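Naming: A, B, ... by sequence-line order, numbering from 1 per chain. Predicted, not measured: the structure shown is a model, and the values here were computed from it.
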There are 2 protein chains.
Amino acid sequence: MSSASPPKTDRSTEIARSLRDDIVAGRLLVGDRLPSEAELAEQYGVSRPTVREALKRLAAQSLIRSRRGATGGAFVNHLSYEAAHGQQITTSTLLLSMNAIPLETACEARFAMERACAPLACARRTSAHLDTMRAELARQSDAQLSDEAFCASDVAFHRALVDAAANPVLSYQLAGAVEAMQPLMNMITFTARDRARIAALHRAVTDAVEAQDAAACDAALTALERYTVELAGAVMARRAAKAPAQPGS
Amino acid sequence: MSSASPPKTDRSTEIARSLRDDIVAGRLLVGDRLPSEAELAEQYGVSRPTVREALKRLAAQSLIRSRRGATGGAFVNHLSYEAAHGQQITTSTLLLSMNAIPLETACEARFAMERACAPLACARRTSAHLDTMRAELARQSDAQLSDEAFCASDVAFHRALVDAAANPVLSYQLAGAVEAMQPLMNMITFTARDRARIAALHRAVTDAVEAQDAAACDAALTALERYTVELAGAVMARRAAKAPAQPGS
DNA sequence: GGTGTTTATTTGTCAGACAATTGACTGTCC
DNA sequence: GGACAGTCAATTGTCTGACAAATAAACACC
């Protein structure tokens, strides 16, 4: 029953999964050195290029890092928040762009999670967080700011809010949600009035966090969500009006 | 300035990044076929194995899929929720296990996000969701259940709760948080009394969802979080007592 | 004892080859 | 003319063997 079935998957995929299981299950610990490519090739009964493809798969997920030289080899990576973060953003961005997700759905998810952070942020915010939020607020009032920079500032503002919750796991999760939406937001051209209103809502959030008023913060975020959806809806409607239903082929 | 600096990264890493950028930026759309490996090798001025390593990196992130045969090749993948999900779980699991995250922090993040789903779940739950939750509740009352199966049922219960919010983006995010914690929870041996109490709290959550009472649901989840942390804390303390501070090397 | 050099090990890359798979083309038979 | 089978070409999957580059340890030399 073991060798009867022709392997449906590639050898390199199998090997990668085998090694990944070893890492996830703790049979290979952080910092451990994997056998050399030649040894792995012999162990699995394949050639070195095949092993290398498997290792590259793991490297793509930041599970291992490779160094060459006498004491080189592949080492089990310490998955930092930063690396996890980066993958989270890539995955979330693609998920959003490839699945025709209504902006409303994405917004809802994002603000739901952000509201989850709010009580913690209110309880634990430091002056550093407040300073960051106020600094971004100031930038957002600058009429010279490009739309892209405005969106970037928006992201920075919300990141500061999330970080104020002082829970790295939450920060990591939210980073994906917030930053993945930036490309979507970048498609919006903001009028001066839009910006003023968004900044005002941001100010309400900041004030609530400073006052450690979780309920007010929640309300401000809810209002911000509603306005964001409204704005985006208007943009989409305008775009749809300009390029009406795909002409049939 | 272009060729002066010796490339610090591998060629295969560069190629992978180049192709990934093409995908993320939309220059390659879902379903598009990439050039064949031989063509890519020529384009980038490298050999085919190097191209293959790059492609394997992208495959590891579910960005492409490969098929062989006359019309085969590498195609830009449609990133399904399922695939994103799987990566999310792997990443989150590793992040939790490798960063010595206090269980309290992980719990806090998870329940914060789950509470974020609660109002939506209350508003939108269908009878199917309620049925699933009640079915898992029934399983959890079975004294014959192993600890692993109990944990698995716990995960299934919370997944049903999250899915009831009817927001796929939220489901995808939460799946990582909930399932990544399962290995941690599996380390806990539950007494009959623990199980009874957890089941009771689950019942309270279910009743609140059925009654569409968001406040009660929030309260029940908060109580559940507190009890989970308490339980885990007791386990950790017992373990620490048995194996006191690492003896110096 | 300190310093510079050699050397062994390991990854990164290349070239060429063959097997396996799969769709498309083609020719035959009804 | 149409259905069916065989052949073919394109492409990925894998192997072999080789060389280059990096790197730390061992070693020779002063």
Side-chain angles (χ1 to χ4, degrees), chain A residues 3-20 22-23 28 30-78, chain B residues 3-20 22-23 28 30-78:
Chain A
S3 63
S5 62
K8 196 72 182 185
T9 62
D10 315 30
R11 292 294 280 129
S12 74
T13 306
E14 276 182 59
I15 294 168
R17 197 179 45 217
S18 166
L19 289 172
R20 182 168 55 234
D22 286 346
I23 295 174
L28 287 170
V30 171
D32 278 3
R33 181 178 170 285
L34 274 64
S36 73
E37 294 176 355
E39 287 175 274
L40 285 173
E42 197 177 358
Q43 276 182 34
Y44 286 100
V46 297
S47 66
R48 204 161 76 95
T50 302
V51 167
R52 281 183 63 78
E53 288 178 10
L55 293 178
K56 291 308 171 194
R57 290 182 120 102
L58 300 181
Q61 297 179 301
S62 305
L63 270 109
I64 60 168
R65 64 181 182 285
S66 294
R67 244 178 30 209
R68 60 178 160 180
T71 61
F75 297 83
V76 178
N77 218 347
H78 174 84
Chain B
S3 63
S5 63
K8 195 71 181 185
T9 63
D10 314 16
R11 292 293 281 128
S12 74
T13 305
E14 276 181 59
I15 295 169
R17 198 179 44 219
S18 166
L19 290 172
R20 184 169 54 232
D22 286 346
I23 295 174
L28 288 170
V30 171
D32 279 1
R33 181 179 171 286
L34 274 64
S36 72
E37 294 176 355
E39 287 176 90
L40 285 173
E42 197 176 0
Q43 277 181 34
Y44 286 99
V46 298
S47 67
R48 202 160 76 94
T50 303
V51 167
R52 282 184 62 79
E53 288 178 10
L55 293 179
K56 291 307 170 192
R57 292 180 117 104
L58 301 181
Q61 297 179 302
S62 306
L63 274 135
I64 62 169
R65 66 181 180 285
S66 294
R67 244 181 28 210
R68 60 177 157 180
T71 60
F75 296 83
V76 178
N77 217 347
H78 174 84

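Applying a 4.0 Å cut-off to non-hydrogen atoms, the residues of residues 30-40 of chain B that approach DNA chain D are B:Arg33, B:Ser36, B:Glu37, listed by residue number. Residues from residues 47-67 of chain A lying near DNA chain D, meaning a heavy-atom separation below 4.0 Å, are A:Ser47, A:Arg48, A:Pro49, A:Thr50 in numerical order.
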Original post:
Yes or no on side chain to side chain contact (heavy atoms under 4.5 Å, CB included) for A:Asp10 and B:Lys56, after CA distance, side-chain angles and deciding distance?
Top reply: CA-CA 11 Å; A:Asp10 315 30; B:Lys56 291 307 170 192; 3.9 Å; yes
**OP:** Quick one: do A:Leu40 and A:Leu55 satisfy side chain to side chain contact (heavy atoms under 4.5 Å, CB included)? Show the steps, please.
**Re:** CA-CA 10 Å; A:Leu40 285 173; A:Leu55 293 178; 4.2 Å; yes
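With sequence neighbours excluded, no residue satisfies salt bridge (Lys or Arg N to Asp or Glu O under 4.0 Å) with B:Asp32. Take B:Thr71 and apply the side-chain contact (heavy atoms from CB on, under 4.5 Å) test, not counting sequence neighbours, and it matches B:Arg67. Partners of B:Glu39 under the side-chain contact (heavy atoms from CB on, under 4.5 Å) rule, at least two apart in sequence or in another chain, are B:Pro35, B:Ser36.
Rounded to an integer number of Å, the gap from B:Tyr44 OH to C:dC14 P is 14 Å. Regarding B:Arg11, its CZ atom lies at a distance of 11 Å from the C1' atom of C:dT13, rounded to whole Å.
With a 6.0 Å radius and a threshold of 12 heavy atoms from other residues, nucleotides or ligands, B:Glu42 has its CD atom at or below the threshold.
Between the side chain of A:Arg52 and the backbone N or O of A:Ser47 there is no donor-acceptor pair closer than 3.5 Å. Using a distance-only test at 3.5 Å, with no hydrogens or angles considered, a donor-acceptor pair links the side chain of A:Arg11 to the main chain of A:Tyr44.
Nucleotides of DNA chain C nearest to B:Gly69 and A:Ala74 differ in position, and the one nearer the 5' end is that of A:Ala74. Each of A:Gly45 and A:Thr71 was assigned the nucleotide of DNA chain D with the nearest heavy atom; the assignment lying further toward the 5' end belongs to A:Gly45.
Along DNA chain D, read 5' to 3', the first and last nucleotides having any atom under 4.0 Å from a heavy atom of chain A are D:dG13 to D:dA24.
The OG atom of B:Ser62 sits 11.5 Å away from the NE2 atom of B:His78 when rounded to the nearest 0.5 Å. Atom CG of A:Asn77 and atom CD1 of A:Ile23 lie 9.0 Å apart (nearest 0.5 Å).
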